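We use all heavy atoms of the structure for the numbers below, so side chains are in, but hydrogens, waters and symmetry mates are not. Quick caveat: nothing in here was measured; it's all calculated off a predicted structure.
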Amino acid sequence: MQVLLQLQGIAMQVFNDFQQTWVFILIGLLVAMVLSFLIILLMRLLACPVVWSLILGVIILSAVACYLTTTKYMSMNSSNVTTPEQEFKFTTDLTAYTQMTDFWLVLAIVTGVIGGVIILVTICLFNRIRLAIELIEEGSKCIGKVWTSLFFPIFPYILIVVFITIWGVIAVYLASDGSPLYQINIISSTASTITSTAAATTDTPKQGDPCDPKDYVNATGSVTCMFYKYGDNADVFYLQLYNLFAMFWLTQFAVALGQMTLAGAFASWYWAFNKDKDVPAAPLLASFYRAFRYHLGSLAFGSLIIAIVQIIRVFLEYVEAKVKESHNKVALFLVKCLQCCFWCLEKLLKFINKNAYILIAIYGKNFCTSAKDAFFLLMRNIVRVTVLNGITGFLLFLGKIFVVAFTAVISFLFFTRRISLVEDYVPELNSAWVPIVIIVVGSYLIADSFFDVYDMAIDTLFLCFLEDLERHDGSSEKPYYMNKDLMKLVGKKQAVYSH
């Protein structure tokens with residue numbers, strides 16, 4: 001009871017702090033939103049210098065590390081006498097390795113090899129890196145044109161919250177199915193008054209014994225007949241499993257609907273020959289209508305596949321809990337392997353589904369055909385896919401870190417009264433960390449949502465670019481839809497028309 005009172009007091013303090021700072025929290029979240037939008041728009045200018053500076057920096061760091069470790073090895077090896085501490089041997093004392101001569105030799109070799117490999121990879125993939133940078137810049141231009149797409153994820157998020165809420169309500173109702181069970185709870189040794197004659201003839205009640213609340217009238221407050229759970233129902237387990245599966249399916253359907261809608265909007269921008277005049281007036285709404293009107297079956301089928309894998313992973317978690325009780329290490333190892341395999345399978349299927357939805361948004365074909373076409377299209381360009389995903393993932397990671405770090409530092413300085421100009425506007429709080437944590441978490445969610453849209457734009461434009469490259473030849477009958485910079489990178493040119 002004391003713990004509950006303490007938690008209630010903490011909750012009241014948090015609520016009071018939130019009540020006093022909600023305006024500042026909204027301002028902080030608005031700053032995160034504007035900052036994320038500006039980073040995406042500026043990515044057309046930042047992508048090239050950031051990527052090449054990163055590659056050059058890694059090469060320089062590798063060279064410096066190789067030089068320093070080689071110098072250290074040569075200085076330690078110059079002595080004719082070798083102490084026991086300098087001889088290489090395995091030990092749990094990590095600091096002892098710094099005294100070993102061979103340790104620095106290994107570090108020199110490893111850093112030299114890393115630097116050499118990066119130089120070779122950069123030389124071999126130079127054009128592909130430039131292509132990835134150009135597609136990232138194109139994604140920034142596309143977002144600038146279809147800027148309403150940045151706020152569209154609110155819709156699938158609302159759907160997901162609704163589906164999870166429905167699942168939770170149904171799960172609670174199912175858990176309460178069955179007859180209520182009661183047990184004795186003894187507070188002190190004083191006996192209670194028993195109204196039932198049959199109950200009065202029984203032995204002295206013990207803690208945890210089953211009881212009927214009708215037979216007990218707690219006269220002294222020493223013994224109570226308390227509810228502790230609902231009786232087990234064999235069908236409830238399967239109903240809960242079905243309810244969980246339905247939740248997985250519906251949430252994945254909401255994600256798929258969002259991905260296809262965004263893909264259709266971005267594809268309409270790419271396939272517009274004149275990007276300033278031929279783009280539809282409301283590409284996002286038009287794409288949503290097409291997805292909802294013509295492709296619900298494809299969305300349902302794709303999300304069903306993911307939901308099946310997810311429910312299998314839940315079943316494996318259940319099996320793992322049972323195996324741990326039996327202390328069978330071999331069986332536990334096999335279950336862990338299966339969990340790893342199905343985790344990888346889920347990631348792979350989500351990747352395939354995402355690209356399948358892009359092709360469905362472009363051509364309107366069914367799910368299976370689009371998934372097959374997307375898979376083989378990516379396999380034919382696996383190096384480009386790898387380079388683009390690596391560079392895009394790193395740049396988006398930097399963007400998220402920057403947004404979160406910026407809002408975290410500013411909110412910390414503000415609420416801890418470190419900024420003298422606005423010190424008088426900071427309210428008195430029980431803890432300055434309440435609004436700071438809320439702003440940081442909210443900033444991450446906003447940045448993650450914005451950059452996920454940007455990532456979807458890049459992936460869509462990449463598949464459109466690959467399709468454009470394979471289906472068109474630059475002639476008047478089949479002109480390229482890519483811009484001049486992309487055509488120059490892949491050695492193509494427009495025969496008649498030009499952007």
Side-chain angles (χ1 to χ4, degrees), residues 5-54 56-58 60-61 136-137 139-141 143-144 147-155 157-158 161 391-455 457:
L5 291 176
Q6 291 178 353
L7 292 176
Q8 184 180 8
I10 294 173
M12 289 300 297
Q13 292 179 359
V14 171
F15 179 75
N16 289 334
D17 289 345
F18 174 78
Q19 198 172 26
Q20 295 185 67
T21 59
W22 67 270
V23 175
F24 300 105
I25 292 174
L26 288 180
I27 294 174
L29 298 180
L30 182 63
V31 169
M33 185 182 301
V34 173
L35 194 59
S36 300
F37 183 63
L38 289 177
I39 290 175
I40 291 175
L41 292 182
L42 292 174
M43 197 64 76
R44 69 186 72 176
L45 304 176
L46 299 175
C48 184
V50 168
V51 171
W52 290 118
S53 298
L54 173 68
L56 182 61
V58 173
I60 293 175
L61 287 176
I136 292 171
E137 294 173 354
S140 177
K141 297 175 185 177
I143 291 289
W147 60 270
T148 52
S149 60
L150 292 172
F151 303 97
F152 178 77
I154 297 174
F155 175 69
Y157 285 167
I158 292 174
V161 170
I391 294 177
T392 302
F394 182 77
L395 287 179
L396 297 185
F397 172 76
L398 287 182
K400 294 176 186 178
I401 293 298
F402 179 79
V403 172
V404 174
F406 182 84
T407 54
V409 170
I410 296 300
S411 59
F412 175 79
L413 295 176
F414 177 80
F415 289 108
T416 56
R417 302 176 184 272
R418 306 292 179 90
I419 305 176
S420 58
L421 294 176
V422 293
E423 183 178 357
D424 297 335
Y425 297 96
V426 182
E428 293 293 334
L429 302 173
N430 296 298
S431 174
W433 289 104
V434 172
I436 293 173
V437 171
I438 294 175
I439 289 175
V440 169
V441 174
S443 298
Y444 173 78
L445 294 176
I446 290 173
D448 185 65
S449 174
F450 273 50
F451 287 108
D452 280 349
V453 173
Y454 187 37
D455 182 54

Exercise for the section: Evaluate whether atom OH of Y157 has more than 12 neighbouring non-hydrogen atoms of other residues, nucleotides or ligands under 6.0 angstrom away. Expected result: yes
Exercise for the section: Could you grab the distance from atom CZ of F394 to atom CG of L54, nearest 0.5 Å is fine? Expected result: 4.5 Å
Handout entry: W52, CH2 atom: more than 12 neighbouring heavy atoms under 6.0 Å
Key = yes
Problem - Audit row: F151, F450, side chain to side chain contact (heavy atoms under 4.5 Å, CB included) steps and yes/no - result: CA-CA 8 Å; F151 303 97; F450 273 50; 4.2 Å; yes
Completion exercise
Here the salt bridge (Lys or Arg N to Asp or Glu O under 4.0 Å) pairs for residues 433-442, sequence neighbours left out, are none
Exercise for the section: Evaluate the side-chain proximity of E137 to C48: yes if any heavy-atom separation is below 4.5 Å, no if none is. Expected result: yes
Practice task
Only counting residues at least two apart or in another chain, list the ones meeting salt bridge (Lys or Arg N to Asp or Glu O under 4.0 Å) with R418.
Solution key: none
Practice task
Classify the ring geometry between F24 and F414 as parallel (under 30°), tilted (30 to 60°) or perpendicular (over 60°).
Solution key: tilted
Handout entry: Within-4.5 Å side-chain heavy-atom neighbours: L41 and W147
Key = no
Practice task
With rounding to the nearest 0.5 Å, note down the distance linking CD1 in I136 to CG in L46.
Solution key: 11.0 Å
Handout entry: Pairwise side-chain contact, Y454 with T392, heavy-atom cut-off 4.5 Å (strictly under)
Key = no
Fill in the blank from the handout: Residues E428 and R417: closest non-hydrogen pair is OE2-NH2, 3.2 Å
Exercise for the section: Check salt bridge (Lys or Arg N to Asp or Glu O under 4.0 Å) between D455 and all other residues, then give those that pass, not counting sequence neighbours. Expected result: K354
Exercise for the section: Could you check if a side-chain atom of L150 sits within less than 4.5 angstrom of a side-chain atom of I40, using non-hydrogen atoms only? Expected result: yes
Practice task
Sorted by first residue and then second, give each side-chain hydrogen bond (donor to acceptor under 3.5 Å, both in side chains) pair with at least one member in residues 393-402; sequence neighbours left out.
Solution key: K400-D448
Exercise for the section: To the nearest 0.5 Å, tell me how far L38 CG sits from M33 CE. Expected result: 12.5 Å
Completion exercise
Residues at least two apart in sequence or cross-chain that pass side chain to side chain contact (heavy atoms under 4.5 Å, CB included) with L45, listed by chain then number, are L42
Practice task
Check whether any side-chain heavy atom of I39 sits under 4.5 Å from a side-chain heavy atom of V403, and report yes or no.
Solution key: yes
Completion exercise
CD1 of I25 to CG of L30, rounded to nearest 0.5 Å, is 13.5 Å
Fill in the blank from the handout: So CD1 of I27 and OG of S411: to nearest 0.5 Å the spacing works out to 12.5 Å
Handout entry: Interatomic distance, S140 atom OG to R44 atom CZ [nearest 0.5 angstrom]
Key = 4.0 Å
Problem - pair V453-F152: side-chain heavy atoms closer than 4.5 Å - result: no
Donor-acceptor contacts under 3.5 Å from residues 432-444 side chains, at least two apart:
from: S443; atom 1: OG; to: T407; atom 2: OG1; distance (Å): 3.1
from: S443; atom 1: OG; to: I439; atom 2: O; distance (Å): 2.6

